[in-house]
4 protein chains.
Amino acid sequence: MCLRRRPPGQLLVNTSTLPSDQTLNAACTAKRQQILDGAATLFLHNGYEGTSMSQVAREAGVSKGTLYNYFDCKAQLFSALIEAVAETKLRNVYERIHSDDLDCATTLQRVAEAMIRTLLQPDSMMLYRIIVAEARKFPLLADIFWQRAFGVSISTLADWIANRAARGELVVDDPVFAAEQFFMLCQTRIVQRHRFELPVDKSDAAIKTVARITSESFMKLNGAH
Amino acid sequence: MCLRRRPPGQLLVNTSTLPSDQTLNAACTAKRQQILDGAATLFLHNGYEGTSMSQVAREAGVSKGTLYNYFDCKAQLFSALIEAVAETKLRNVYERIHSDDLDCATTLQRVAEAMIRTLLQPDSMMLYRIIVAEARKFPLLADIFWQRAFGVSISTLADWIANRAARGELVVDDPVFAAEQFFMLCQTRIVQRHRFELPVDKSDAAIKTVARITSESFMKLNGAH
Amino acid sequence: MCLRRRPPGQLLVNTSTLPSDQTLNAACTAKRQQILDGAATLFLHNGYEGTSMSQVAREAGVSKGTLYNYFDCKAQLFSALIEAVAETKLRNVYERIHSDDLDCATTLQRVAEAMIRTLLQPDSMMLYRIIVAEARKFPLLADIFWQRAFGVSISTLADWIANRAARGELVVDDPVFAAEQFFMLCQTRIVQRHRFELPVDKSDAAIKTVARITSESFMKLNGAH
Amino acid sequence: MCLRRRPPGQLLVNTSTLPSDQTLNAACTAKRQQILDGAATLFLHNGYEGTSMSQVAREAGVSKGTLYNYFDCKAQLFSALIEAVAETKLRNVYERIHSDDLDCATTLQRVAEAMIRTLLQPDSMMLYRIIVAEARKFPLLADIFWQRAFGVSISTLADWIANRAARGELVVDDPVFAAEQFFMLCQTRIVQRHRFELPVDKSDAAIKTVARITSESFMKLNGAH
DNA sequence: GATGAATGAGCTTTCATTCAT
DNA sequence: TATGAATGAAAGCTCATTCAT
């Protein structure tokens, strides 16, 4: 048995025991991916407790036995899934950051807009919900999520900020902290309220406005003047 | 065909049917409170799905039947609990705001510090996790939480900001948005990372530093000069 | 607000979704039959509400999980059982009708006797009790019971009556109504009283007497003279 | 404790222990009637298992404690109720029989019609369902029902038949059996089918037709010619 | 006598996991 | 390796009955 259903304390999933990518042959990987695809649909819709292994098996088109050939238990499947999903979600945000032939304010506004839109996507929103909800049970998960999603965004932006500071366009002591502030400011109003399922204007115009204010605020805080 | 346990759509709990603050007699209230206390311990530790009604009964020292005499179903108990908890959690934050004979920067720094400390408390942290996780299933919950916790903090701060702007100490177009930005900035680094269970310096000094930076940032954005 | 266990209205079990007589493989059918056998014992003894799924599982020698692998819910198991039982119960009655080289009165007396004996069997009696008791909750059940049991008997007898009328041995306007009257007359005294658990002579002789009177009555009502 | 919830064998309620009518003071009787009225509504709508003591208490406007002051257990309350209800239900049927200044056929047709209408009433129908369903568990109940309802009707009609036979209008060997046959014939088609919740024409015309056929049939079987 | 809060066994149903084929 | 039938613990919830007030 892998795990008790309702663990009294922490539910530790040692991700180091996951079959790592390099040692898997192709056929195995294909089936594994098939399972992960099915799992993604369900976990991101219904959460961890709301998804049953039978559902995953059906959705993925494999038997329950096969499921357990590839993943030792539900928690491990979940971990593997979040690992896979987190990686791809915020990619377009920091790709945006690299297109940096524009002035600071404009770039930041575009990044802010991309960030807001990404965070509002149903998948991302659900991912955030799940990670925050299950972070205590799956501490490694949050770590993975941070490293592959938020963390990457922050360090990418921090690098960009340091670069612009070097050029004299910004004046920044701690680029990482500044980047973190920037991402927090992005979440003002729309993202934050949407997380609480509160009614809020999520129109294009509203998003652009928050993005603009965020960019302007950042420039006020860290601009060269 | 057969009754589904997990409804596909929303699980609406009409909180207006909760025994409200009418004149419940003392005995009734005492037992009710006893149940809520037990429920708090468990729900705030293990989340909604992770807590069973049997556990709550045992923890509260009552029988399952008694549980259901006071609350129609698990969802309603949960709702009532969150309602009760949310109310008390952020109270000290906005009480801090009213002690306003100090200069802006100092007041804001104290508010930021109180906010950070509150959000870092295990209960608050768990409350945030649960609300975000279950907001889809319990839309009214998030609403309550917002109205009694975050919402109150924001509008209290917004009022203070408007007041200081009237005095000429701040220059602010949209006091509510400014307040929302302030609270987002409070969550930079420590709170945010703690939510993801990432290692982060949560020392007094670290908290004071983030509070100071937050206050300074706000003043840069909205100060009279 | 919360999910009610007992719906106020009808409990519809769409029997068309029951695994029908398709080509179920042998193993599946064997286990299914094993469950139905256990269910028959209990439901026919204790009725629908008086039988629990745990009891059925124990009686059938399977786990509760297995029960639910074969039947979606208690109502469906019950429906499937009644469907299976109803079919076999009255078969020997209408088989009796086909042996028709005898004169009318003798044939009818034999049919009446078979009918009375069948209706007095503990299983049939209990089946009648259950169907009548649960007809409101399971309208399709009564329908099935009628179509496979009483209905078949009536239409078989009605055909026989029409045939004899064509031969000039009977004079009948409405063969179906005549058949219905015949079956009601069969239930006079012994069957009726037994249904109410009243003391009544159920001896062979008594049965033969009622059968004879029934046959004679029918001939008086519909005989050629 | 009065009775186990799910009795393994028979559920005997010794009705001789019911507080008999003469020894009860007025106040007590009033409350008792109040309870029985509430119980009638529920038991006749939802059956024995489908009715809870809490519901009865609420419907009757008394506390559960009071319920148990007047009736030792659910089974006894149910017994007392059926006893009370059965008595009143078929009264109008045999009252019809006494108005006997008409010719046989007409009287019988009126009695048949009254009988059919009575049996089709929702209360009577439900009473029949309940008695038949619970007869095994409550053997005394069915006895009571027979003695106060069906039995009275039969013996009243049998007396009338004997009287008319003495007048030479009928030729009957066994008036009781003839009466039983008459009541069975009344149940042909409409009543029988309605018991199985099958669709059937329950119009005034249809009822009159069955009543007429029943009367004619009886006259054919037992008329003076 | 009347109340209704409290009890706890029992109900239907779900689901992670195993294992014979 | 893949299957899916089988398991059984545990879930949410009900209800006849008791008893302190």
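Scope of the values below: all heavy atoms of this structure, side chains included, with no hydrogens, waters or symmetry mates.
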Considering Watson-Crick and G-U wobble pairs with both distances under 3.5 Å, what does F/dC13 pair with?
-> E/dG10

Output for pair (D/E83 CD, D/L36 CG), nearest 0.5 Å, gives 9.5 Å

C/K31 side chain near F/dA6 phosphate (N/O to OP1/OP2, under 4.0 Å) = yes

Under 4.0 angstrom between D/S63 side-chain N/O and E/dG4 OP1 or OP2 = no

CG of A/L67 versus C1' of F/dA2: gap in Å, rounded?
-> 12 Å

Quick one: label A/S52 by what it contacts on the DNA or RNA (base, sugar-phosphate, nothing), any heavy atom closer than 4.0 Å.
-> sugar-phosphate

Starting at atom OH of B/Y70, determine the distance to atom P of E/dT7, rounded to an integer number of angstrom.
-> 10 Å

Starting at OG of B/S52, measure out to CG of B/N46 and round the result to the nearest 0.5 Å.
-> 9.5 Å

What is the distance, rounded to the nearest whole Å, between atom CZ of A/F78 and atom C1' of E/dC15?
-> 17 Å

E/dC15 pairs with, by Watson-Crick or G-U criteria that keep both distances under 3.5 Å | F/dG8

d(NZ, B/K74; C1', F/dA10) in whole Å | 12 Å

Is C/Y68 near enough to E/dT13 that one of its side-chain N or O atoms lies under 4.0 angstrom from OP1 or OP2?
-> yes

In Å, rounded to the nearest 0.5 Å, how long is the span from CZ of C/R58 to CE of C/M53?
-> 13.5 Å

Atom-pair distance (CZ on D/R32; P on E/dG1), nearest Å = 15 Å

Which of E/dA6, F/dG4, F/dG12 is nearest the side chain of A/K64? It is F/dG4

Yes or no on salt bridge (Lys or Arg N to Asp or Glu O under 4.0 Å) for D/R129 and D/E134, after CA distance, side-chain angles and deciding distance?
-> CA-CA 8 Å; D/R129 287 187 208 288; D/E134 312 290 350; over 6 Å; no

Could you state the CZ-P distance from D/R58 to E/dA5, rounded to the nearest angstrom?
-> 12 Å

Counting side-chain heavy atoms from C-beta on, which of F/dA11, F/dT3, E/dT13 comes nearest to A/V62?
-> F/dT3

If we ignore angles and hydrogens, is there a donor and acceptor under 3.5 Å between the side chains of C/K31 and C/T66?
-> no

Confirm from the modelled atom types if C/N69 and F/dA5 form a donor-acceptor pair under 3.5 Å, side chain to base only.
-> no

Rounding to a whole Å, what distance do you find between B/E49:CD and E/dA16:C1'?
-> 15 Å

Integer-rounded Å distance: F/dA11 P and B/L77 CG = 15 Å

With respect to the phosphate group of F/dA11, does any side-chain polar atom (N or O) of B/Q55 fall under 4.0 Å of OP1 or OP2?
-> yes

Look at the rings of B/Y48 and B/F78 and say which category their plane angle falls in: under 30° parallel, 30 to 60° tilted, over 60° perpendicular.
-> tilted

Can you figure out which of F/dA6, F/dG12, F/dT3 approaches the side chain of A/T66 most closely?
-> F/dT3

With nearest nucleotides of DNA chain F determined for A/G65 and D/M53 from heavy-atom distances, which residue corresponds to the more 5′ nucleotide?
-> A/G65

The Watson-Crick or G-U wobble partner of E/dA20, with both key distances under 3.5 Å, is F/dT3

